[in-house]
Number of protein chains: 2
Amino acid sequence: MPHLKHDRIPRATISRLAIYVQELEGMEQQGVKVVSSEKLANACGVNPSQIRKDLAYFGEFGVRGVGYYVFELKEAIKQSLGLDKTWNVVLVGVGNLGRALLRHGVLRKRGFIIVGAFDCDPFKIGEEIAGLEVICSSKLPAKTNELYVEIGIITTPPERAQRAANYLLEAGIKGIVNFAPARINAPSNVSVEYVDFIHNLFSVAFNITQNQAKGLI
Amino acid sequence: MPHLKHDRIPRATISRLAIYVQELEGMEQQGVKVVSSEKLANACGVNPSQIRKDLAYFGEFGVRGVGYYVFELKEAIKQSLGLDKTWNVVLVGVGNLGRALLRHGVLRKRGFIIVGAFDCDPFKIGEEIAGLEVICSSKLPAKTNELYVEIGIITTPPERAQRAANYLLEAGIKGIVNFAPARINAPSNVSVEYVDFIHNLFSVAFNITQNQAKGLI
DNA sequence: GTGGCATAGTGAAATTTTTAACAATATCTT
DNA sequence: AAGATATTGTTAAAAATTTCACTATGCCAC
Ligand SMILES: NC(=O)c1ccc[n+]([C@@H]2O[C@H](COP(=O)([O-])OP(=O)(O)OC[C@H]3O[C@@H](n4cnc5c(N)ncnc54)[C@H](O)[C@@H]3O)[C@@H](O)[C@H]2O)c1
Ligand SMILES: NC(=O)c1ccc[n+]([C@@H]2O[C@H](COP(=O)([O-])OP(=O)(O)OC[C@H]3O[C@@H](n4cnc5c(N)ncnc54)[C@H](O)[C@@H]3O)[C@@H](O)[C@H]2O)c1
């Protein structure tokens, strides 16, 4: 755990750090060894000062007059975000989306290992997806105690999201990523993130309407 | 198109309006007719002033001393966001995620109709998914001119995202929702939104690490 | 080694966003 | 119909975030 120079870090900063990691990985693949805040900023579509400020929350990673060493910066950010370890994850709700997530390699690649998949549908229990047997969700608390699980992903229908969350909370989970479009209640020491791309579609629709009104289109 | 009292509206406001709509729909289903900014705020996990301020960008929808009529407010917000019409959408990249989106009803329910699905993989072309035939992506510009399409969804691998975007731009699309973890270049009058839930996982991982450091867990 | 150059780190300013406070006003009660 | 009450719309203050401007410093050429 790196020492933080400030105690509260803006949410937006965390989100941008994720983008920086992405771009740095791309640069690494292309053989780029060193990058300036300006170059990285262009790639990420942000302001160079923003990058320097974001990094300053965690420490000093650059070399004045030179820039940042791509590999080292990437590693430093990952460590700052707590991504220098792997995280065990369970998934609740093996439907369309749940399956896509289970099959998709990106989670594992990023250090999030799905170690359990749960559903309440008897037809799905016992089925094997991506090498993982679907287990009855009522067994979730017991099962997750066996494994060392810290994060839960909810991909049930929205009206079942709270129930799924309750299972996860009972299992002592410390963070939840909820894909169902419903607020869930959880103690304040449990981190809850909501994922809903409909918001992005709304945003695009709104922007198009705006642009049309302004005569830009 | 409602007249805007201010010209620039915070992105965060748009995102929250989407949440308000969600909660209002829930209330509507439960037969709630009237809601105050305080009640709605609780449901959405925001500050009541925030709601009133967000709404003020678009007009006056409430009744002093009473609150907001659930149905009317919902409709007013949807109209403000440009959701009082349906939007034709095409999807590029019919893989795991693309399929999940095609099969998922929520898009249609929200007024976003997928009218075309494109892929470059010969094995996928011709396949039918959710009543839609997968078409060769090189035919995208020609096909989308036939239909009246304004929004494109990209679900290709990241290294193909720009190519997919180019097809869409050539087809005269006005907004893009990109699920691939890669920045894309587009003219400034084309609205581009990025969807990447890995950021949310990063965020949860970071918060857990933080909470542990603070001794909250 | 010294000087010039490039670029990180940083404190201050500007901007944006959120929150609080309150004045305005519909409805309800009597 | 007047007054009490509740809650909006709005203005002002506070907080947070972003951007700017400048200082510090490591590297490279000579
Ligand atoms: N499919 C998508 O592309 C997509 C995109 C964004 C959001 N979502 C959201 O993700 C959620 C899932 O979508 P989907 O398309 O996969 O739906 P789905 O109906 O295919 O899958 C839901 C699964 O959850 C299971 N389930 C229900 N209650 C449960 C419980 N209490 N415990 C455990 N499992 C339970 C069901 O048996 C089912 O397998 C929904 O809330 C949806 O709005 C889906
Ligand atoms: N599966 C998920 O849960 C998930 C979640 C988040 C993000 N993503 C991202 O979404 C994208 C797709 O993920 P996936 O799991 O569906 O991958 P996938 O490999 O299953 O699907 C990609 C599809 O895109 C097609 N394609 C490639 N180049 C194309 C082109 N130029 N034009 C048209 N089609 C093209 C491929 O033929 C393939 O069918 C990736 O960028 C991934 O990182 C996926």
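In the text below, chain A, chain B and the rest are named by the order of the sequence lines, each starting its count at 1.
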Quiz item: Should Ser36(B) be listed as having a side-chain N or O under 4.0 Å from OP1 or OP2 of dT7(D)?
Solution: no

Self-check item: Lys/Arg-Asp/Glu bridge criterion (N-O < 4.0 Å) met for Glu150(A), Lys85(A)
Solution: yes

Quiz prompt | Salt-bridge criterion met for Asp54(A) and Arg16(A) (N-O under 4.0 Å) | solution = yes

Self-check item: Gap between atoms CZ and C1', on Phe61(B) and dA26(C) respectively (whole Å)
Solution: 18 Å

Quiz prompt | Separation of atom NZ in Lys39(A) from atom C1' in dA6(C), rounded to whole Å | solution = 11 Å

Quiz item: Do Gln162(A) and Asn166(A) get their side chains close enough for a donor-acceptor pair, meaning under 3.5 Å?
Solution: yes

Quiz prompt | Rounded distance in Å - NZ (Lys53(A)) to P (dA14(C)) | solution = 15 Å

Quiz item: Do the side chain of Thr155(A) and the main chain of Val92(A) share a donor and acceptor less than 3.5 angstrom apart?
Solution: yes

Practice problem: Quickly work out the Tyr57(A) OH to dG11(C) P distance and round it to whole Å. | Solution: 13 Å

Quiz item: With a 4.0 Å cut-off on heavy atoms, is Thr13(A) in touch with a base, just the backbone sugar-phosphate, or nothing at all?
Solution: nothing

Quiz item: With under 30° as parallel and over 60° as perpendicular, where do the rings of Phe206(B) and Phe58(A) fit, or are they tilted in between?
Solution: perpendicular

Quiz item: Closer than 4.0 Å, any side-chain N/O of Arg52(B) to the OP1 or OP2 of dC22(C)?
Solution: no

Quiz item: Whole-Å distance between dT8(D) P and Glu72(B) CD?
Solution: 14 Å

Quiz item: Could you state the CG-P distance from Asn47(A) to dA8(C), rounded to the nearest angstrom?
Solution: 13 Å

Quiz item: What is the nucleic acid contact for Arg11(B), judged by heavy atoms within less than 4.0 Å: base, sugar-phosphate only, or nothing?
Solution: nothing

Quiz prompt | Pairwise 5' ranking along DNA chain D for Val63(A) and Gln50(A), keeping only the more 5' one | solution = Gln50(A)

Quiz item: Which part of the nucleic acid, if any, lies within contact of Gly65(A), taking any heavy atom under 4.0 Å across all strands shown: a base, the sugar-phosphate backbone alone, or nothing?
Solution: base

Quiz item: Looking across every strand, which nucleic acid part, if any, lies under 4.0 Å from Ser49(B) by heavy atom: base, sugar-phosphate, or nothing?
Solution: base

Quiz prompt | Phosphate contact (dG26(D) OP1 or OP2) by Tyr68(A) side-chain N/O below 4.0 Å | solution = no

Quiz item: Rounded to whole angstrom units, what separation is found between the CG atom of Leu73(B) and the P atom of dT7(D)?
Solution: 15 Å

Quiz prompt | Length of the line joining Arg64(B):CZ and dA23(C):C1', which is rounded to integer Å | solution = 8 Å

